[in-house]
S.K.: 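Pasting in a structure now, in structure tokens, and then I'll have a few things to ask.
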2 protein chains.
Amino acid sequence: MLSKKTKYGIKALTFIAKQDKEVKVQIATISKEENISHKFLESILLTLKKAGVLGAKKGKGGGYYLIKEAAQVKMTEVIRTLEGPIAMVPCVSLNFYEKCSDCPDEETCAVHKLMIQVRDNTLHVLRNTTLADLV
Amino acid sequence: MLSKKTKYGIKALTFIAKQDKEVKVQIATISKEENISHKFLESILLTLKKAGVLGAKKGKGGGYYLIKEAAQVKMTEVIRTLEGPIAMVPCVSLNFYEKCSDCPDEETCAVHKLMIQVRDNTLHVLRNTTLADLV
DNA sequence: CATAATCCTACTATTCCGATAGGGTAAATG
DNA sequence: CATTTACCCTATCGGAATAGTAGGATTATG
């Protein structure tokens with residue numbers, strides 16, 4: 001299941017991407033338009049800023065804006081930042097690899113084998129979808 | 001993330017599928033060989049039995065066995081039974097559909113659009129993978 | 001009947017998610 | 001230079017879901 005954090009993050013990003021490039025979008029605006037808790041959204045956008053997806057300007061007339069072109073923002077990046085691993089099992093994760101404690105041998109593990117297939121297909125979609133595709 | 005329930009379930013199924021068809025496999029055997037808590041595994045196999053994937057025989061010499069051919073057991077069936085929806089968001093689930101409470105319009109929702117893509121690709125893998133492929 | 005196995009119900013400990021609260025810090029405007 | 005506006009950070013908390021536990025009921029075999 002996709003967490004609301006990620007869900008809200010994607011919604012917010014598309015909302016920002018719809019505006020003209022130089023426009024600064026405020027938290028309160030997105031919060032109202034997309035029915036997202038103001039404070040929760042605040043932390044999400046902050047995370048995206050730290051990840052280098054968004055830029056922010058403080059003070060009067062400030063807000064968030066895209067740093068790159070929408071077509072350069074891959075969904076892999078967004079989801080890894082907010083959700084964590086894309087793989088359904090740590091032992092097949094590319095960016096968050098962890099050995100399964102219970103599994104003696106990855107090579108012969110049926111779950112491992114299957115989840116690599118799933119991961120590759122999911123990655124294919126997320127790598128080829130950018131923010132521009134969702135607007 | 002895949003729950004341990006599903007993970008253990010797949011491991012147990014492949015273990016059973018490796019045996020000769022008429023052999024009854026006991027919980028205790030799988031539990032020992034695959035490092036799975038006996039009681040936990042018990043509830044998992046029971047669920048798979050109710051779903052029509054496994055058959056069971058009680059009493060001495062009893063145990064679990066496959067009802068269909070391994071090549072007839074699709075991963076979609078196994079995962080839907082143990083994990084629930086395959087989709088990452090209820091509003092794109094085929095078997096467990098639910099409207100998102102926060103989303104006013106599915107048609108224009110960016111998350112919806114993206115997650116349909118992911119779901120279709122995942123489904124493609126899981127529908128074309130059977131227990132026989134994992135043994 | 002004794003034994004060996006599955007079946008069933010209920011409980012618990014832990015973890016994580018979604019959200020809230022409350023303030024602190026920085027930067028534009030007048 | 002003060003005031004407004006918005007970003008930044010920490011801490012907390014209730015509820016739901018997971019993972020596992022406990023104990024007994026039921027059924028088949030020898």
Side-chain angles (χ1 to χ4, degrees), chain A residues 1-12 16 22-32 34-51 53-65 67 82-85 88-90 96 100-102, chain B residues 1-12 16 23-32 34-67 79 81-85 88-90 96 98 100-103 111:
Chain A
M1 279 288 126
L2 200 72
S3 68
K4 296 213 169 180
K5 190 174 174 182
T6 308
K7 193 177 165 189
Y8 292 163
I10 294 173
K11 284 193 171 195
I16 294 172
E22 67 282 1
V23 173
K24 310 282 180 294
V25 188
Q26 286 128 32
I27 294 175
T29 309
I30 305 174
S31 162
K32 196 193 290 176
E34 299 285 349
N35 293 312
I36 304 171
S37 145
H38 185 283
K39 279 294 197 180
F40 193 24
L41 181 59
E42 200 176 298
S43 72
I44 294 169
L45 294 182
L46 190 56
T47 305
L48 288 170
K49 190 207 154 198
K50 284 180 181 166
V53 176
L54 288 176
K57 192 188 171 204
K58 292 183 185 177
K60 206 169 193 174
Y64 284 97
Y65 54 93
I67 280 188
L82 296 175
E83 190 79 6
M88 296 184 76
V89 172
F96 300 82
C100 295
S101 57
D102 54 312
Chain B
M1 279 288 124
L2 200 72
S3 69
K4 297 214 168 176
K5 189 174 173 182
T6 308
K7 192 178 166 189
Y8 293 163
I10 294 173
K11 284 192 171 193
I16 294 172
V23 173
K24 311 277 180 297
V25 187
Q26 286 129 34
I27 295 174
T29 310
I30 305 174
S31 161
K32 197 192 289 176
E34 299 286 348
N35 293 312
I36 304 171
S37 148
H38 185 284
K39 277 295 193 179
F40 193 25
L41 181 58
E42 199 177 303
S43 70
I44 295 168
L45 295 182
L46 192 55
T47 306
L48 288 169
K49 189 210 155 199
K50 285 179 181 168
V53 176
L54 288 176
K57 194 187 170 202
K58 289 184 186 177
K60 204 167 192 174
Y64 286 96
Y65 54 93
L66 285 182
I67 280 188
I79 292 188
T81 300
L82 296 174
E83 190 79 6
M88 297 183 77
V89 171
F96 300 82
E98 246 175 83
C100 296
S101 57
D102 54 311
C103 196
V111 177

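Computed from heavy atoms alone, side chains included, the values below leave out hydrogens, waters and symmetry copies.
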S.K.: Is the phosphate of C:dA19 approached by A:Tyr8 (side-chain N or O, under 4.0 Å from OP1 or OP2)?
M.R.: yes
S.K.: Heavy atoms only: give me the nearest A:Ser3-A:Glu83 pair and the separation to one decimal.
M.R.: OG-OE1, 2.7 Å
S.K.: Output the rounded distance in Å from CE (B:Met88) to P (C:dC17).
M.R.: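 Atom CE in B:Met88 sits about 12 Å away from atom P in C:dC17.
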S.K.: I need the minimum non-hydrogen distance between A:Leu41 and A:Ile27, along with the two atoms involved.
M.R.: CD2-O, 3.8 Å
S.K.: Less than 4.5 Å apart, side chain to side chain, heavy atoms only: is that true for B:Lys49 and B:Tyr64?
M.R.: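 A side-chain contact exists here, since the closest heavy-atom pair is under 4.5 Å.
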S.K.: Which value, rounded to the nearest 0.5 Å, describes the distance between A:Lys7 atom NZ and A:Met1 atom CE?
M.R.: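 The distance works out to 10.0 Å.
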S.K.: Is it true that A:Lys4 and B:Asp102 make a salt bridge, defined as a side-chain N closer than 4.0 Å to a carboxylate O?
M.R.: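 The answer is no: the pair does not qualify as a salt bridge.
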S.K.: Can you check the B:Glu83 CD to D:dA17 P distance for me, whole Å?
M.R.: 13 Å
S.K.: Can you measure A:Asp102 atom CG to D:dA19 atom C1' for me and round it to whole angstrom units?
M.R.: 12 Å
S.K.: Between D:dC9 and A:Ser43, is there an OP1 or OP2 to side-chain N/O distance shorter than 4.0 Å?
M.R.: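 So the side-chain polar atoms of A:Ser43 never come under 4.0 Å of the phosphate oxygens OP1 or OP2 of D:dC9.
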S.K.: Return the value, rounded to whole Å, for the distance between atom CD1 of B:Ile30 and atom C1' of C:dA5.
M.R.: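 Taking CD1 of B:Ile30 and C1' of C:dA5, I get 13 Å after rounding.
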S.K.: Could you tell me how far apart B:Phe40 (CZ) and D:dT21 (C1') are, to the nearest whole angstrom?
M.R.: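 So the CZ-C1' distance, B:Phe40 to D:dT21, works out to 11 Å.
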S.K.: Please enumerate all protein N or O atoms sitting under 3.5 Å from an N or O of nucleotides 2-7 of chain D, with distances to 0.1 Å.
M.R.:
residue, atom, partner, partner atom, Å
D:dA6, OP1, A:Gln26, OE1, 3.3

S.K.: So what does A:Lys50 touch, heavy atoms closer than 4.0 Å: a base, only the sugar-phosphate, or nothing?
M.R.: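 If one applies the 4.0 Å heavy-atom cut-off, A:Lys50 turns out to touch the sugar-phosphate alone, with no base involved.
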S.K.: Atom CG of A:Leu54 to atom P of D:dC8: distance rounded to whole Å?
M.R.: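 One finds 10 Å between P of D:dC8 and CG of A:Leu54, rounded.
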S.K.: Tell me the interatomic distance from A:Leu2, atom CG, to C:dC17, atom P, rounded to whole angstroms.
M.R.: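 Computing the A:Leu2:CG to C:dC17:P distance gives 12 Å.
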S.K.: Let me know the distance between CD1 of A:Ile44 and C1' of D:dC8, rounded to the nearest Å.
M.R.: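 Computing the A:Ile44:CD1 to D:dC8:C1' distance gives 15 Å.
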S.K.: Within a strict 4.5 Å, meaning less than it, do heavy atoms of the A:Cys100 and A:Val89 side chains meet?
M.R.: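 They are in contact (side-chain heavy atoms under 4.5 Å apart), so the answer is yes.
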S.K.: For the backbone of B:Ile36 and the side chain of B:Ser31, can you confirm whether one donor and one acceptor N or O come within less than 3.5 Å of each other?
M.R.: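 Side chain of B:Ser31 to backbone of B:Ile36, a donor-acceptor pair under 3.5 Å: yes, one is there.
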